[in-house]
Amino acid sequence: MTTDELLARHRAVMPSWMPLYYAEPIEIVAGSGRRVTDAQGRSYLDFFGGVLTNMLGYDIAEVNEAVRRQLSTGVVHTSTLYLIRQQVELAEKIAALSGISDARVFFTNSGTEANEAALLVATNHRRSNQILAVRNSYHGRSYAAMGITGHRSWSASSLNPLQVSWLHSADRLRGLLSRLDPDEYVDAAVDDLREVLATQTSGDVACLIAEPIQGVGGFVAPPDGLFGAFKKVLDESGILLISDEVQTGWGRTGEHFWGYQAHGVTPDLLTFAKGIGNGFALAGVVGRAEVLNEVHAVSFSTFGGNPISTAAGNAVLDYLLEHDLQANAARVGAILLAGLRELADRHAIVGAVRGRGLMLGVEFVRPGTTEPDPAATARVFEECRRGGLLVGKGGLYGNVLRMGPPLTLTEEEAREALGILTEAVATAAA
Ligand SMILES: Cc1ncc(COP(=O)(O)O)c(C=O)c1O
């Protein structure tokens with residue numbers, strides 16, 4: 001079957017709202033390290049990693065071995081009604097790494113479910129369904145997760161079990177607070193938080209949920225320290241802080257293991273997903289025991305943290321720590337960032353370059369303005385593919401290229417990608 005035939009069959013049987021990348025979509029049939037091969041035998045350097053999920057890259061022997069070992073027991077699944085050794089081990093490691101004291105961990109299959117679980121315990125603990133969320137956020141695809149998603153393209157329904165009030169995003173190019181320097185921004189955002197609490201809530205809000213760097217939103221990050229400044233205000237009324245670390249966790253940002261650590265604060269709850277399974281469905285929430293235990297009915301996840309996914313998760317986490325991939329993300333990310341900044345100096349269609357570690361975004365605008373240019377972004381995107389580099393797209397206006405390569409990325413691969421990207425931007429700008 002050709003890729004064209006597969007595409008026709010895909011379109012005939014899959015829902016229309018599930019997007020495929022590229023004018024000519026790709027079927028990935030093999031992968032090794034940071035490279036994948038499509039059905040035509042073309043090779044690509046993968047800088048999106050299945051949306052920041054293939055955190056170690058492809059075909060990692062240690063992870064394969066751990067999964068095979070579990071398969072060889074004959075047990076793929078037991079349900080959480082029985083003790084699962086590797087689930088307990090992984091929970092212990094994540095609890096210790098979380099920075100949250102007396103932590104409990106609940107495993108789920110996706111980031112959406114992790115956020116649902118965090119919202120469940122936060123709203124129960126506070127006996128309130130009032131939530132603070134951030135504009136331009138993305139938190140998943142359930143009703144509650146969509147309800148706290150501040151991004152029109154990803155808000156597929158207005159049905160919402162929560163009462164949500166919105167804080168400003170930290171977009172530096174557009175919006176009310178965009179022209180402020182970082183200190184002024186923090187002061188203005190804190191004033192705004194106080195005003196929102198005073199005008200849009202009854203005070204007894206359950207929680208604020210925020211991504212340390214907005215992923216789908218185009219890698220928009222607030223100034224360091226903002227969450228800490230917010231927390232001082234939240235603490236006055238006992239409002240909890242949830243850090244959605246689905247994209248920012250596990251050292252991807254280089255300087256920190258968790259995105260929240262840039263903010264001088266420890267959240268009450270932290271959600272994780274994507275990278276920890278390196279492709280196996282594994283996600284969850286960590287929180288203080290007094291909050292995470294706040295469910296007074298039976299609640300469980302049939303597949304959450306099953307023997308296969310947690311066998312993979314333990315192997316992924318051990319590999320990550322043994323190879324100090326956080327340090328690699330910082331080192332190789334700095335090379336990429338410097339190269340991208342040069343690109344911004346040379347081409348007026350590059351409106352901004354931002355990010356941390358191996359989470360980097362390039363925003364495209366009409367030259368001399370801050371007007372988003374999704375068409376130029378699409379041209380660069382297709383040119384990158386032609387040159388052998390897979391990247392992602394995002395941002396409120398679809399004008400941000402997103403790069404979240406595996407944390408095992410080498411310096412040579414970073415330079416190779418910069419070469420492809422440089423040509424792609426030059427072609428798109430011509
Ligand atoms: C920050 C963030 N939270 C939650 C989710 C939802 O995760 P999932 O797609 O695994 O449900 C995503 C997915 O992209 C995300 O980026």
Side-chain angles (χ1 to χ4, degrees), residues 17-26 36 38 42 44-52 135-138 150-155 169-175 178-179 213-221 247 333 335-356 358-405 413-430:
W17 41 262
M18 211 175 76
L20 280 168
Y21 266 170
Y22 302 112
E24 290 173 23
I26 294 175
V36 293
D38 73 11
R42 283 178 302 219
Y44 304 92
L45 196 48
D46 187 359
F47 262 48
F48 207 34
V51 195
L52 289 79
R135 297 174 196 188
N136 195 40
S137 60
Y138 179 73
H151 196 303
R152 160 103 55 87
S153 312
W154 294 82
S155 299
S169 93
D171 191 330
R172 308 297 299 155
L173 295 187
R174 300 167 202 96
S178 61
R179 273 168 279 277
I213 299 178
Q214 294 181 323
V216 168
F219 293 177
V220 166
Q247 297 212 8
I335 294 168
L336 273 174
L337 187 60
L340 294 176
R341 288 202 169 127
E342 278 178 30
L343 206 59
D345 290 341
R346 284 211 301 277
H347 296 283
I349 62 168
V350 179
V353 164
R354 57 177 174 258
R356 278 201 138 120
L358 289 174
M359 193 171 176
L360 296 166
V362 183
E363 173 147 1
F364 293 92
V365 293
R366 294 195 190 288
T369 74
T370 58
E371 198 186 325
D373 194 342
T377 318
R379 287 200 298 278
V380 178
F381 185 69
E382 293 283 349
E383 283 300 323
C384 281
R385 178 249 172 101
R386 209 201 309 267
L389 178 68
L390 301 184
V391 294
K393 258 196 300 186
L396 199 52
Y397 309 98
N399 68 324
V400 181
L401 278 194
R402 292 196 290 152
M403 283 168 272
E413 288 163 340
R415 294 193 196 286
E416 183 185 333
L418 279 173
I420 297 169
L421 202 58
T422 303
E423 284 205 13
V425 173
T427 306

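For the numbers below, each heavy atom of this structure counts, side chains included, while hydrogens, waters and symmetry mates do not.
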Do Pro405 and Glu413 come within less than 4.5 Å of each other through their side chains, counting heavy atoms only?
no
Answer yes or no: is there a donor N or O on one side and an acceptor on the other, between the side chain of Ser178 and the main chain of Asp171, under 3.5 Å?
no
Residues 417-430, side-chain donor-acceptor partners within the protein, below 3.5 Å, at least two apart:
| residue | atom | partner | partner atom | Å |
| --- | --- | --- | --- | --- |
| Thr422 | OG1 | Leu418 | O | 2.5 |
| Thr427 | OG1 | Glu423 | O | 2.8 |

Residue among Tyr21, Phe381, Tyr44, Phe48 satisfying side-chain contact (heavy atoms from CB on, under 4.5 Å) with Val391
Phe381
Please list every donor-acceptor pair under 3.5 Å in which a side-chain atom of residues 393-403 meets a protein atom from a residue at least two apart or in another chain.
| residue | atom | partner | partner atom | Å |
| --- | --- | --- | --- | --- |
| Asn399 | ND2 | Glu363 | OE2 | 3.1 |
| Asn399 | ND2 | Phe364 | O | 2.9 |
| Arg402 | NE | Lys393 | O | 3.2 |
| Arg402 | NH1 | Gly215 | O | 3.1 |
| Arg402 | NH2 | Lys393 | O | 3.4 |

Non-hydrogen atoms of Leu337 and Gly355 that approach each other most closely:
CD2-O, 4.4 Å
Is any side-chain heavy atom of Val220 closer than 4.5 Å to a side-chain heavy atom of Asn136?
yes
Please give me the minimum heavy-atom distance between Leu390 and Tyr22, naming the atom from each residue.
CD2-OH, 3.5 Å
If you draw a 6.0 Å radius around CZ in Arg386, do more than 12 non-hydrogen atoms from other residues or ligands fall strictly inside?
no
Can you tell me how far the CD1 atom of Ile213 sits from the CZ atom of Arg354, to the nearest 0.5 Å?
10.5 Å
Do you know the tightest heavy-atom contact between Val365 and Leu173?
CG1-CD1, 4.3 Å
Using modelled atom types and a 3.5 Å cut-off, is there a donor and acceptor pairing between side-chain atoms of Gln247 and backbone atoms of Val51?
no
Has Arg346 got more than 12 heavy atoms of other residues, nucleotides or ligands less than 6.0 Å from its CZ?
yes
Contact check, side chains of Leu360 and Val353, non-hydrogen atoms, under 4.5 Å:
no
dist Glu24:CD -> Asp38:CG (nearest 0.5 Å) comes out at 10.5 Å
